[in-house]
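Presented below is the structure to which this report refers.
Every chain is numbered from 1, with letters handed out A, B, ... down the list of sequences. Note that this is a predicted model, so its numbers are computed, not measured.
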Amino acid sequence: MLWSRYFVPTTKETPKDATAASHILMVRAGLVRQLAAGVYSYLPLGLRALHKVEQIVREEMNRAGAIELRMPCLTPLSLWEETGRDATMGDVLLRLAGPAGDWRSGLVLGPTHEEIVTEIARAYLSSYKQLPINLYQIQAKFRGEARPKSGVLRTREFLMKDAYSFHVDKASLDAEYENMYAAYCRIFARAGLPFLAVEADTGAMGGDVSHEFMVLTEAGEDVVAISESGDYAANLERATAAPLPRAAAAAAPAPREVHTPNAGRIDEVCAVLGTQPREMIKTLIYTTVVPPPAPGQKPARKQRIAALVRGDHEINEVKLNRAAGQPLELAEPAVIEEVTGAKVGFAGPQGLVERIDRLIVDREVATLPSGATGANRSDYHVVGVVPGRDFPLAGPQVIVADIRSVVDGDPSPTGSGSPLRLRKAIEIGHVFKLGTKYSDAMGAKFLDAGGKAHPLIMGCYGIGLNRILAAAIEAHHDADGIIWPMSIAPFEALVIALDPRESEVVQVSQRIHDELAAAGVEVLYDDRDERAGFKFKDADLIGVPLRIVVGKKSLAAGGVEVSERRTPGQKRVLAPDAAVAAVVERVRAERAALVEAGAAAGRKRG
RNA sequence: CGGAGUGUAGCUCAGCCUGGCUAGAGCGCUUGGUUCGGGACCAAGAGGUCGCAGGUUCAAAUCCUGUCACUCCGACCA
């Protein structure tokens, strides 16, 4: 491929407003161009890399026994109504605009395809003899993200590999889950990504067990908790710690009110009381989420729930919702004032149970010998509040559970005592055990050997292909540009003709290019009539792994220079034939190494 | 959705506060010349309804109102 005849719009300027390294480099290297918020065109170089990722994913999914199909992007709203996700997904679901009754208003752009594949399953998967089966596709997804960001890391249109498996029983699902887990390890290892599998929350997908595949980087939006010893890793949404050491119980005098004027925040109260945040009990008032009432109906009553966490801890709403068994939202100030009889910032658990529907106590609060908390009276706090004495830890209205987010340094829940560290990460893949959520809702059943009908048991497995590119760049770049792993590089080798006016330089460059191409190496040939520095800068920027520089100087020194992008200083001068052989050998070795890394990752995890 | 900010050439920006002549710079692009191993230089060019609509004014990139788009922080998020 001749650079002069190809399309590689590199730029020297850093794009305005881009902060993530991958975003800056993808734009500067001419991989992508933004068209609208969260909407990107893939330019030729970007598309080549994306195709490579796609091919790795396809090969490994096929190897794992999954079967490719293709479902449409346009999907009928009625299917989403069958599972209720037209409501639960809310604005994420992009609906086509049209007048009421128009066919357009009955269509939505697919954000994920559980409903669509389940529609296929209920039509065709009617016998246990067809099971298990795993169907997948690689296809554009559309989501009404409120705030796209960080280049292609969070977009409204993106490319996803989504797979759905169907089973007769839990054991079969478990086996396929492990199979997919291993396949994912192979995929990410082959793509050259330093990845990590973590326990995850199942979110709106439903189901009970899930793992996310993460790449650690500051540009990521997720936070993962990883133990230093490596024995535990989980998304912060789900991460739990071993119970903290219990403080010695001192003599517990009766609670005492203290005047704390205008001190509503924890730090303000601590300043007045002279206590530490970890000796405080934070009381947060939540209400259940009630759907808007049908016309003419009264809205359902919102339940009121108080949640307690230690003053130095943050409440984890994912865990809280799980403990409550339903989604909750922070109560309006008016509700808080009504419940506590005080202005916001002075709530406490004493005497609160009678005025609320439920009390959810974090287990680290339950083990406090005593604490300071709001007095349910404006401008007053109470010290010496003893859990179990001054507010209940048991009873029909009370739940004690882990509802806080872990903090850096908490002990690993495995019991190893290894401290947890919090790191930012990009989610590149997610595997779920769905169970029968969709098959139940949509009536997707199979007949067993005895002729009895059962709902299909499902799993689902997603990979964000665009995110793999961005994550690879986040993980592999330097100040000069991208350093592609061989497996997903848009080109494997770059031939640079430094003096294109010298006929010998051109002849040698062209011959090396042709021989590499004939040997199956994906090679780009920079034949442009530009100065050396200009071409070197572009070469560094687009990050092709192997470089062959042909110039008057190198020819005078006996040949051409061969170097690798990842080790800029190391150059070898070889005769042209030897250079071709060396590059072919290097490409083969590197391809094999990544496939082997994938296989090893798969064996280890599987 | 809440908060903040930005829209002027393909890209990065100046000009706006304090209205005034033909709207500027750098990069990129075209032509000619010089240069040629780490983003060269000279000269001559092409390229802009100053996001859009309305208003104020003798006069609007500049002031006012509305609107759209984009970015950042937060909320939300398979």
- Message: Base contacts versus sugar-phosphate-only contacts with protein, heavy atoms under 4.0 Å: please encode nucleotides 32-43 of chain B as B, S and - from 5' to 3'.
- Response: ---BBBBBB---

- Message: Measuring only the C1' atom in each nucleotide, how far is B/C73 from B/C17? A whole number of Å is fine.
- Response: 27 Å

- Between atom CD in A/Glu221 and atom P in B/C76, what is the gap in whole Å? 13 Å

- Task: Test ring-ring contact (aromatic ring centres under 6.0 Å, His included) on A/Phe195 and A/Tyr184 and set out the steps.
- Result: CA-CA 10 Å; A/Phe195 70 98; A/Tyr184 274 34; 9.7 Å; no

- Sort and list the pairs that fulfil side chain to side chain donor-acceptor pair (under 3.5 Å) and have at least one residue in residues 548-564 of chain A, not counting sequence neighbours. A/Glu564-A/Arg586

- Item | Length of the line joining A/Leu330:CG and B/C1:C1', which is rounded to integer Å | 16 Å

- Message: With nearest nucleotide decided by heavy atoms, which residue, A/Val92 or A/Gly38, maps closer to the 5′ end of RNA chain B?
- Response: A/Gly38

- Hey, does the side chain of A/Gln137 reach the backbone of A/Gln139 with a donor-acceptor pair shorter than 3.5 angstrom? no

- Sugar-phosphate only, base, or nothing, as touched by A/Ala36 at under 4.0 Å among non-hydrogen atoms: sugar-phosphate

- Classify the nucleic acid contact of A/Phe158 as base, sugar-phosphate or nothing, counting any heavy atom under 4.0 Å across all strands shown. base

- Let me know the distance between CG of A/Asp91 and P of B/G2, rounded to the nearest Å. 13 Å

- Message: What verdict does the salt bridge (Lys or Arg N to Asp or Glu O under 4.0 Å) test give for A/Asp478 and A/Arg565, after you've listed the backbone C-alpha separation in whole Å, the side-chain angles of each residue and the deciding distance to 0.1 Å?
- Response: CA-CA 10 Å; A/Asp478 62 17; A/Arg565 174 65 179 88; 2.7 Å; yes

- Residues passing the salt bridge (charged side-chain N to carboxylate O under 4.0 Å, His left out) test with A/Arg423, sequence neighbours excluded, are none

- Item | Listed nucleotide nearest any side-chain atom of A/Gln34, set B/U71, B/C1, B/C72 | B/U71

- Scan for salt bridge (Lys or Arg N to Asp or Glu O under 4.0 Å) pairs involving residues 68-80 of chain A, sequence neighbours excluded, and state none if there are none. A/Arg58-A/Glu68

- Distance between the P atoms of B/U6 and B/G45, in whole angstroms? 36 Å

- Message: In this structure, how many angstroms lie between the P atom of B/C29 and the CZ atom of A/Phe7, rounded?
- Response: 13 Å

- Task: Would you kindly give the CZ-to-C1' distance between A/Arg147 and B/A4, to the nearest whole Å?
- Result: 11 Å

- Message: If I pick the P atom on B/C11 and the same atom on B/U71, what distance separates them, to the nearest angstrom?
- Response: 14 Å

- Task: Please state the C1' separation for the pair B/G3 and B/G48 - nearest whole angstrom.
- Result: 33 Å

Do any N or O atoms of the protein come closer than 3.5 Å to N or O atoms of nucleotides 5-8 of chain B, and which pairs are they?
none

- Between NZ on residue A/Lys319 and CD1 on residue A/Ile360, distance to nearest 0.5 Å: 13.5 Å

- Message: Heavy atoms only, 4.0 Å cut-off, all strands: where does A/Ala37 land among base, sugar-phosphate and nothing?
- Response: sugar-phosphate

- Nucleotide B/C1, atom P - distance to CD of A/Glu145 in whole Å: 15 Å

- Look at the side chain of A/Thr288 and the backbone N and O of A/Gln303, then say whether any donor-acceptor pair between them is shorter than 3.5 Å. yes

- Task: Between B/U65 and B/G5, how far apart are the P atoms? Round to whole Å, please.
- Result: 15 Å

- Which value, in whole Å, describes the distance between the C1' atoms of nucleotides B/G24 and B/A14? 7 Å

- A/His211 ring center near A/Phe213 ring center (under 6.0 Å): no

- Task: Classify the angle between the aromatic ring planes of A/Tyr461 and A/Tyr177 as parallel (below 30°), tilted (30 to 60°) or perpendicular (above 60°).
- Result: tilted

- Message: Main chain of A/Ser22, side chain of A/Glu474: is a donor-acceptor contact present, judged purely on distance under 3.5 Å?
- Response: yes

- State the dot-bracket string of RNA chain B. Criteria: Watson-Crick or G-U wobble, both atom distances under 3.5 angstrom; notation: ( ) intrastrand, [ ] crossing earlier pairs, | interstrand, . unpaired. (((((((..((((......[...)))).((((((.....)))))).....(((((..]....))))))))))))....

- Message: Using modelled atom types and a 3.5 Å cut-off, is there a donor and acceptor pairing between side-chain atoms of A/Glu176 and backbone atoms of A/Leu173?
- Response: no

- To the nearest angstrom, how far is A/Arg156 atom CZ from B/C76 atom P? 18 Å

- Item | Rounded distance in Å between the C1' positions of B/C16 and B/A61 | 7 Å

- Message: Base, sugar-phosphate or nothing for A/Pro327? Non-hydrogen atoms, less than 4.0 Å.
- Response: nothing

- Task: Using the ring of A/Trp3 (Phe, Tyr or Trp, six-membered ring only), decide whether A/Arg528 places NZ or CZ under 6.0 Å from its centre and within 45 degrees of its axis.
- Result: yes

- Item | Interatomic distance, A/Leu328 CG vs B/A75 P [rounded to whole Å] | 17 Å

- Message: If I pick the C1' atom on B/G19 and the same atom on B/U12, what distance separates them, to the nearest angstrom?
- Response: 27 Å

